[in-house]
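One structure below.
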Amino acid sequence: EKMSKSTGNFLTLSDAIEKYSADGMRLALADAGDSVEDANFVDKTADGAVLRLYNWIDFVTDVANKKPQIALKDGPVDERLIDRVFEHEMRRAVKLTDAAYSKLMFKDAMKEGFYILQGVLNKYREICGSEGMNAKLVDRFIEVQTLLICPICPHIAEEVWEITGKKGFAVSTPFPEILEYDPVLIESSEFLAETVRDVRLKLKDRLQPKKGKAPADI
């Protein structure tokens with residue numbers, strides 16, 4: 001819907017910052033559209049941006065304080081297949097986000113460098129489970145994620161920099177190094193994850209008692 005004073009569906013800059021915070025608003029505006037597209041500011045997107053940024057700060061704080069709910073383990077970075085996949089997914093995010101920033105495609109930059117990358121972290125954390133995520137990889141992820149969103153969310157970036165005890169400022173830190181990633185490794189892991197998910201769903205359906213029937217033996 002078109003913004004208009006007559007309909008009252010508009011926000012002044014000060015009202016927007018008061019409601020969504022500076023970085024929440026910047027993230028929502030980056031997501032509003034690129035190039036010659038009509039910008040489409042969505043309240044729901046802004047609300048979601050604030051929540052995601054809050055959850056990111058919360059995660060970093062828990063890691064820094066070594067909270068028990070964040071399972072971490074020491075060891076070589078490439079010890080497990082999931083560790084190698086996680087590393088290459090980070091590399092992919094850095095390369096695609098850099099390409100988007102170079103073209104001033106801020107929506108794509110946030111899609112690859114924040115939304116999808118956060119999903120990568122959630123998947124890695126879920127698969128590792130109680131065994132724990134690799135501590136070195138998590139530290140690297142925090143640094144990479146922070147630097148990728150720094151141009152859009154500088155205040156959040158500096159807060160993470162302070163929480164993790166890094167020297168200097170995030171805005172003065174060079175962009176993460178562009179490294180080649182293995183697309184076959186990533187695609188193979190995605191295929192494996194989908195297969196496991198399908199098997200679990202089919203097994204759950206197989207074990208689900210049918211109406212008027214006892215569970216079948218397997």
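Heavy-atom basis, side chains included; hydrogens, waters and symmetry copies ignored.
Cluster membership check: Leu148 does not share its hydrophobic cluster with Ile186, using side-chain heavy-atom separations under 4.5 Å among Ile, Leu, Val, Met, Phe, Trp and Tyr. Val120 and Tyr181 fall into different hydrophobic clusters, where Ile, Leu, Val, Met, Phe, Trp and Tyr side chains are chained together by heavy-atom contacts under 4.5 Å. The hydrophobic cluster containing Tyr54 does not contain Val60, counting ILVMFWY residues as joined when their side-chain heavy atoms lie under 4.5 angstrom apart, directly or transitively. Transitive grouping of hydrophobic side chains (ILVMFWY, heavy atoms separated by less than 4.5 Å) brings Phe114 and Leu104 into a common cluster.
Using a distance-only test at 3.5 Å, with no hydrogens or angles considered, no donor-acceptor pair links the side chain of Glu159 to the main chain of Ile57. Looking at Asp205, its side chain never comes within 3.5 Å of a backbone N or O of Leu201 through a donor-acceptor pair. With Asp62 contributing its side chain and Lys67 its backbone, the two residues share no donor-acceptor pair below 3.5 Å. The main-chain N or O of Asp23 is never found under 3.5 Å from a side-chain atom of His155 such that the two would form a donor-acceptor pair. The closest donor-acceptor contact from the side chain of Arg26 to the backbone of Ile152 lies under 3.5 Å.
At a threshold of 4.5 Å between non-hydrogen side-chain atoms, the residues Leu117 and Glu112 do not count as touching. Between Asn134 and Glu87 there is no side-chain heavy-atom pair separated by less than 4.5 Å. At least one side-chain heavy atom of Leu72 sits under 4.5 Å from a side-chain heavy atom of Ile70. Side-chain contact between Val160 and Phe59 is absent, with no heavy-atom pair separated by less than 4.5 Å. Using a 4.5 Å heavy-atom threshold, the side chains of Asp31 and Phe106 count as separate. Between Leu81 and Ser189, the closest side-chain pair of non-hydrogen atoms is not below 4.5 Å.
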Verdict with supporting geometry, Glu89 and Lys123, side-chain contact (heavy atoms from CB on, under 4.5 Å): CA-CA 11 Å; Glu89 286 182 318; Lys123 181 182 67 175; 2.8 Å; yes

Residue pair Glu158, Val171: steps toward the side-chain contact (heavy atoms from CB on, under 4.5 Å) verdict: CA-CA 8 Å; Glu158 297 302 344; Val171 294; 3.3 Å; yes

Residues Tyr124, Val85; criterion side-chain contact (heavy atoms from CB on, under 4.5 Å); working and verdict: CA-CA 9 Å; Tyr124 178 61; Val85 172; over 6 Å; no

Stepwise side-chain contact (heavy atoms from CB on, under 4.5 Å) check, Leu27 with Tyr115: CA-CA 11 Å; Leu27 183 54; Tyr115 293 109; 3.9 Å; yes

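When all heavy atoms of Cys128 and Arg80 are compared, the closest pair comes out as SG-NH2, 3.7 Å. Nearest heavy-atom pair, Val50 versus Gly24, reported as atom, atom and distance to 0.1 Å: CG2-CA, 4.2 Å. Heavy atoms only, all atoms of each residue included: Ala71 and Ser130 are closest at CB-O, 4.4 Å. Nearest heavy-atom pair across Ile149 and Met110 is CA-CE, 4.1 Å.
Between Tyr101 and Phe175, the ring planes lie perpendicular to each other; the angle is over 60°, past the 30° to 60° tilted range. Taking the six-membered ring where the residue is Trp, Phe141 and Phe86 present parallel rings, their angle staying beneath 30° rather than reaching 60°.
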Please report, to 0.1 Å, the donor-acceptor pairs under 3.5 Å made by any side chain of residues 93-100, with sequence neighbours excluded.
from: Lys95; atom 1: NZ; to: Glu180; atom 2: OE1; distance (Å): 3.2
from: Lys95; atom 1: NZ; to: Glu180; atom 2: OE2; distance (Å): 3.2
from: Thr97; atom 1: OG1; to: Ala93; atom 2: O; distance (Å): 2.6
from: Thr97; atom 1: OG1; to: Gly113; atom 2: N; distance (Å): 3.2

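If you take CD on Glu143 and OG1 on Thr173, they are separated by 7.5 Å, rounding to the nearest 0.5 Å. The structure places CG of Leu137 at 10.0 Å from NZ of Lys73, a figure rounded to the nearest 0.5 Å. From Leu53, atom CG reaches atom CG of Leu51 across 9.0 Å, with rounding to the nearest 0.5 Å. For the atom pair Gln118 CD and Asn55 CG, the distance stands at 8.5 Å (nearest 0.5 Å). Taking CD1 of Ile82 as the reference point, atom CE of Met133 lies at 11.5 Å (rounded to 0.5 Å). Between the CD atom of Gln145 and the CG atom of Leu121 there is a distance of 8.0 Å, given to the nearest 0.5 Å.
Side-chain atoms of Thr61 and Asp58 include no donor-acceptor pair closer than 3.5 Å.
In Asp74, the CG atom is not crowded: 12 or fewer heavy atoms of neighbouring residues, nucleotides or ligands sit closer than 6.0 Å. Under a cut-off of 6.0 angstrom, the local environment of NZ in Lys136 is sparse, with at most 12 non-hydrogen atoms contributed by other residues, nucleotides or ligands.
Alongside Trp161, the hydrophobic cluster contains Leu147 (criterion: ILVMFWY side chains under 4.5 Å).
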